[in-house]
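See structure below.
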Amino acid sequence: MRSPDTYSAFMLDYAAGNLPPAMALAANIHRLMSSQGDEAALLWESVREVLLDAKGESIQLCKPEEPVADALDIIHTDFSEVRWRRGLSGVKYAPTSARVGQMMRLEPGQNVYSHGHSALEATVVLEGALEDGHGIYKQGEILLADSGFKHRPAAHGNAACTCYVARSRTPFWRLT
């Protein structure tokens, strides 16, 4: 994760219903798989409710649409049955049942090219662990790579790493 501020802003936007579908799905997966994600979502939802109550009227913040079924479908996927396609970097990718974002699979020792981001990318670890030179992310944890963030994601340990990846619609990376 780039910074606590990026995470807080992401989870606030989730609670406010301001994330695009792929990012909202990443937040839902993170929330369902991680106590940290659930606690952050509950905190920001409480703030939203207090703001609504204090005003006594409806304000722009709205409850997020929760595609929980889509998140659960992704979480409970049998990754050995997925029809993976190898990308240019050799990393395997597959579309999701929700038709937003994609799954990425790194075999043990495999990595993605070193790259930077020009817009937000959210990566939630579904199985295994991911390292990127800034930290190690375990099952359910989310890596938020925002503008200017440079890293080299790799499978950590002796197991494959499968992730759900959501990207902003603007160009998201460049080789470094």
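All values below were derived from every heavy atom in this structure, side-chain atoms included, with hydrogens, water molecules and symmetry-related copies excluded. Count residues from 1 along the sequence.
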(message) For residues Val68 and Met103: do they belong to one hydrophobic cluster (side chain heavy atoms under 4.5 Å, members Ile, Leu, Val, Met, Phe, Trp, Tyr)?
(response) yes
(request) Report yes or no: does His134 contribute a side-chain atom to a donor-acceptor pair with the main-chain N or O of Lys150 at less than 3.5 Å? (result) yes
(message) Is any side-chain heavy atom of Glu121 closer than 4.5 Å to one of Leu144?
(response) no
(message) For Ala22 versus Gly101, what's the shortest heavy-atom pair and its separation?
(response) CB-N, 3.9 Å
(message) Is any side-chain heavy atom of Phe10 closer than 4.5 Å to one of Ile142?
(response) yes
(message) I'd like to know if the side chain of Asp132 reaches the main chain of Gly135, judged simply by a donor and an acceptor atom lying under 3.5 Å from each other, with no hydrogens or angles considered.
(response) yes
(request) Please answer whether the main-chain N or O of Lys138 pairs with a side-chain N or O of Glu141 as donor and acceptor at a distance below 3.5 Å. (result) yes
(message) Just so I know, are the side chains of Gln102 and Tyr93 near enough to count as touching, which here means a heavy-atom distance under 4.5 Å?
(response) yes
(message) Would the distance check show the side chain of Trp84 and the main-chain N or O of Phe79 forming a donor-acceptor pair, the cut-off being under 3.5 Å?
(response) yes
(message) Contact between Val112 and Met104 at the side-chain level, heavy atoms closer than 4.5 Å - yes or no?
(response) yes
(message) Restricting to non-hydrogen atoms, name the atom on Ala155 and the atom on Pro108 that form the minimum distance, rounded to 0.1 Å.
(response) CB-CA, 4.2 Å
(request) Quick one: sort the His30 and Tyr7 rings into parallel, tilted or perpendicular, breaks at 30° and 60°. (result) perpendicular
(request) Side-chain contact test, heavy atoms from C-beta onward, threshold under 4.5 Å: evaluate it for Asn111 versus Pro153 and give yes or no. (result) no
(message) Which residue in the set Asn28, Ile29, Leu143, Leu130 passes side-chain contact (heavy atoms from CB on, under 4.5 Å) when paired with Val124?
(response) Ile29
(request) Any chance you could measure Asn158, atom CG, to Glu107, atom CD, to the nearest 0.5 Å? (result) 12.5 Å
(message) Within the structure provided, determine whether Lys92 and Leu106 are in side-chain contact (heavy-atom separation under 4.5 Å).
(response) no
(message) Using the side chain to side chain contact (heavy atoms under 4.5 Å, CB included) criterion, which residues pair with Ala98? Sequence neighbours excluded.
(response) Leu25, Asp70, Thr96, Val100
(request) Search all heavy atoms of Ser8 against all heavy atoms of Trp44 and return the closest pair with its distance. (result) O-NE1, 3.7 Å
(request) Could you tell me whether a side-chain N or O of Ser34 sits under 3.5 Å from a main-chain N or O of Gln36, the two making a donor and an acceptor? (result) yes
(message) Looking at every heavy atom in both Gly90 and Gln110, which two are closest together, and how far apart are they?
(response) O-NE2, 2.9 Å
(message) Check whether Gln139 reaches the backbone of Glu127 with its side chain - one donor and one acceptor, N or O, closer than 3.5 Å.
(response) no
(message) With a 4.0 Å cut-off on N to O distance, would you call Glu45 and Arg31 a salt bridge?
(response) yes
(request) Treat each ILVMFWY residue as a node, draw an edge where side-chain heavy atoms are under 4.5 Å apart, and state whether Val47 and Met11 are in one component. (result) yes
(message) Less than 4.5 Å apart, side chain to side chain, heavy atoms only: is that true for Val91 and Arg86?
(response) no
(request) Taking all heavy atoms of Met33 and all of Gly140, pick out the closest pair and write down the distance. (result) CB-CA, 3.5 Å
(request) Please name the pair of heavy atoms, one in Ala27 and one in Tyr14, separated by the smallest distance, quoted to 0.1 Å. (result) CB-CD1, 3.4 Å
(request) Measure the OG1-CZ distance between Thr162 and Arg105 for me, rounded to the nearest 0.5 Å. (result) 4.0 Å
